[in-house]
Each structure stands twice: as structure tokens, then as C-alpha cells.
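Input: a single structure, listed below in C-alpha cells.
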Amino acid sequence: MASVLAHTSFWILTALASGRRHGYEILRETADASQGRVSLKVATLYAALDRLEADGLIRPDGEEIVSGRARRYFVITDDGATRLSAEVELMERSTRAARAQLSIHKFAVAPDAGAA
């Protein structure tokens with residue numbers, strides 16, 4: 001079984017799961033998808049992108065110049081999508097186990113307690 005994805009890697013793969021993105025879009029998408037709980041710094045993003053690429057979970061998908069600035073694009077690979085899916089399944093199983101334990105002890109848990 002693969003190790004648990006780092007928090008940053010999880011959110012980057014989540015952002016790329018819906019399509020090709022450049023760095024700034026990944027930053028914006030991770031903040032939006034996490035409802036503001038994740039705010040990556042540029043250096044953190046690019047270090048994580050390098051690791052994910054080295055692990056074969058993402059790949060570069062071109063570069064373009066916009067307003068004199070280079071935009072590097074990335075896409076999730078099939079291995080990356082498989083890895084993200086496995087992580088989501090693990091999180092769902094973990095959530096079900098925690099909810100079951102909380103309900104045994106009669107702690108109230110709303111279905112979407114973490115949602116805003």
C-alpha cells in the first residue's frame with residue numbers, strides 16, 4: 001500500500017484532477033477547493049510539483065508566455081489519478097470509522113461538520 005499523500009500533494013492532485021493548470025491556477029484552485037483552509041506559498045508549490053513529477057504523478061504540459069511571464073502547465077497522470085483515488089478512498093474509510101466510534105460514544109457528528 002502506498003504511503004499517505006502529503007497534504008500539499010493531495011490538494012495539488014485534486015486541483016489537477018479536473019484539468020491542465022499553471023502554477024497560479026493551482027494556487028487559486030487549492031484555496032477554493034479547500035474553502036480557504038489551504039494557502040500554498042509559491043516555493044512550496046514548485047517544490048511539491050517537482051516531487052510529484054519525479055514520482056510520476058504529474059507531468060509538465062507545455063509553457064506559454066502571457067504578458068511577458070512564462071506559465072508552466074501541468075497535468076495529472078494516470079498514476080496520479082489512481083493515487084488520488086486511493087487517497088480519497090482511504091480518507092472515506094477513515095471518516096466512516098471515526099463517525100462510527102463517535103456515535104458509539106454518543107458524540108454528535110454532523111455529516112458535513114467541516115463544511116462552511
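Note: hydrogens, waters and symmetry copies are ignored here, and every other heavy atom, side chains too, is used.
- Pairing each heavy atom of Gly56 with each of Asp79, the nearest pair is O-CB, 3.8 Å.
- One finds the CD atom of Glu29 at 9.5 Å from the OG atom of Ser34 (value rounded to the nearest 0.5 Å).
- Here the straight-line distance linking atom CG of Asp32 with atom CD of Glu25 works out to 11.5 Å at 0.5 Å rounding.
- In this structure, Arg21 and Ala15 approach most closely via the heavy-atom pair NE-O, 3.2 Å.
- With contacts defined as side-chain heavy-atom distances shorter than 4.5 Å, the pair Glu53/Pro60 qualifies.
- Note that CD of Glu87 is 11.0 Å distant from CD of Glu89, once rounded to the nearest 0.5 Å.
- Other members of the cluster containing Leu27 are Leu5, Phe10, Trp11, Ile12, Leu13, Leu16, Ile26, Val38, Leu40, Val42, Leu45, Tyr46, Leu49, Leu52, Leu57, Ile58, Phe74, Ile76, Leu84, Val88, Met91, with ILVMFWY side chains joined at under 4.5 Å, either directly or via other members.
- Residue Val75 shares its hydrophobic cluster (ILVMFWY side chains chained together at separations under 4.5 Å) with no other residue.
- Residue Ala70 comes nearest to Glu63 through the heavy atom pair CB-OE2, 3.8 Å, listed as atom of the first residue, atom of the second, then distance.
- Not counting sequence neighbours, the partners of Arg71 by the side-chain contact (heavy atoms from CB on, under 4.5 Å) test are His22, Glu64, Val66, Tyr73.
- Under the 3.5 Å distance criterion, the side-chain polar atoms of Arg99 are left unmatched by any main-chain donor or acceptor of Arg96.
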